[in-house]
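These notes concern the structure reproduced below.
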Amino acid sequence: MRISLASDSLDGVASELVAEVERRGHSVTLYGALAPGDRADWAWCCSAAARDVAEGRADQAVVCCWTGTGASIAANKVAGVRAALCADAATAAGARKWNDANVLALSLRLTSRQVLTEILDAWFSGAPSTDPEDTANIAYVGEIR
Ligand SMILES: O=C(CO)[C@H](O)[C@H](O)COP(=O)(O)O
């Protein structure tokens with residue numbers, strides 16, 4: 001898949017994230033501190049990655065900041081994006097299954113290298129539920145303005 005990656009710093013697992021996503025066979029587009037010369041403030045770089053998803057230039061995105069909060073807020077302000085802030089694999093699996101999340105938000109403060117691999121394994125192996133209750137929830141949040 002085409003995955004856009006954004007981080008407002010190179011702290012923690014930011015660099016490992018790029019390597020781990022590429023190692024799983026995906027092509028990456030980089031923003032913020034991951035792309036030398038790009039604006040690295042969380043609002044700008046995470047919005048840019050989320051817009052790639054909303055506008056069809058990427059299939060999914062992973063956005064990061066120190067807490068993960070700003071990254072998830074910035075991504076979720078983009079229409080069509082369902083960003084999930086995930087601190088563990090179970091949350092990532094649920095985000096793909098029940099929320100059809102298309103942007104993964106990570107906290108650089110909380111995410112260890114081991115947990116990063118667990119989250120990415122769960123995220124990339126997950127698929128959205130086809131249960132009508134789940135699809136109705138997803139459709140409804142897409143309509144709320
Ligand atoms: O977690 C964040 C936003 O939610 C940022 O990473 C945090 O605010 C640090 O930003 P800066 O390094 O620009 O002070």
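When a ligand or atom number is given, it counts from 1 through the structure's own listing order.
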Polar contacts were defined as any N/O atom of the residue lying under 3.5 Å from an N/O atom of the ligand; does this apply to [X] and ligand 1?
| X | result |
| --- | --- |
| W42 | no |
| T67 | yes |
| C65 | no |

Do the side chains of W123 and L5 join up, straight or via other hydrophobic residues, at under 4.5 Å, putting them in one cluster? yes

Would you please test R82 and N99 for side chain to side chain contact (heavy atoms under 4.5 Å, CB included) and show each step? CA-CA 7 Å; R82 294 175 300 281; N99 313 121; 5.6 Å; no

Lys/Arg N to Asp/Glu carboxylate O, R109 vs D11, below 4.0 Å: no

Just wondering, are more than 12 heavy atoms of other shown residues or ligands nearer than 6.0 Å to CZ in R113? no

Protein heavy-atom contact under 4.0 Å for atom 1 (O) of ligand 1? yes

For G70, the atoms of ligand 1 under 4.0 Å from one of its heavy atoms are 4 (O)

Which ligand 1 atoms, with their elements, are less than 4.0 angstrom from a heavy-atom of W66? 1 (O), 2 (C), 5 (C), 6 (O)

Tell me which protein heavy atom sits closest to atom 5 (C) of ligand 1, plus the residue, atom name and distance to 0.1 Å. D8 OD2, 3.2 Å

Take D41 and D8, measure what side chain to side chain contact (heavy atoms under 4.5 Å, CB included) needs, and give me the verdict at the end. CA-CA 5 Å; D41 300 282; D8 71 343; over 6 Å; no

Step by step, would you call V63 with L104 a side chain to side chain contact (heavy atoms under 4.5 Å, CB included)? CA-CA 6 Å; V63 295; L104 169 64; over 6 Å; no

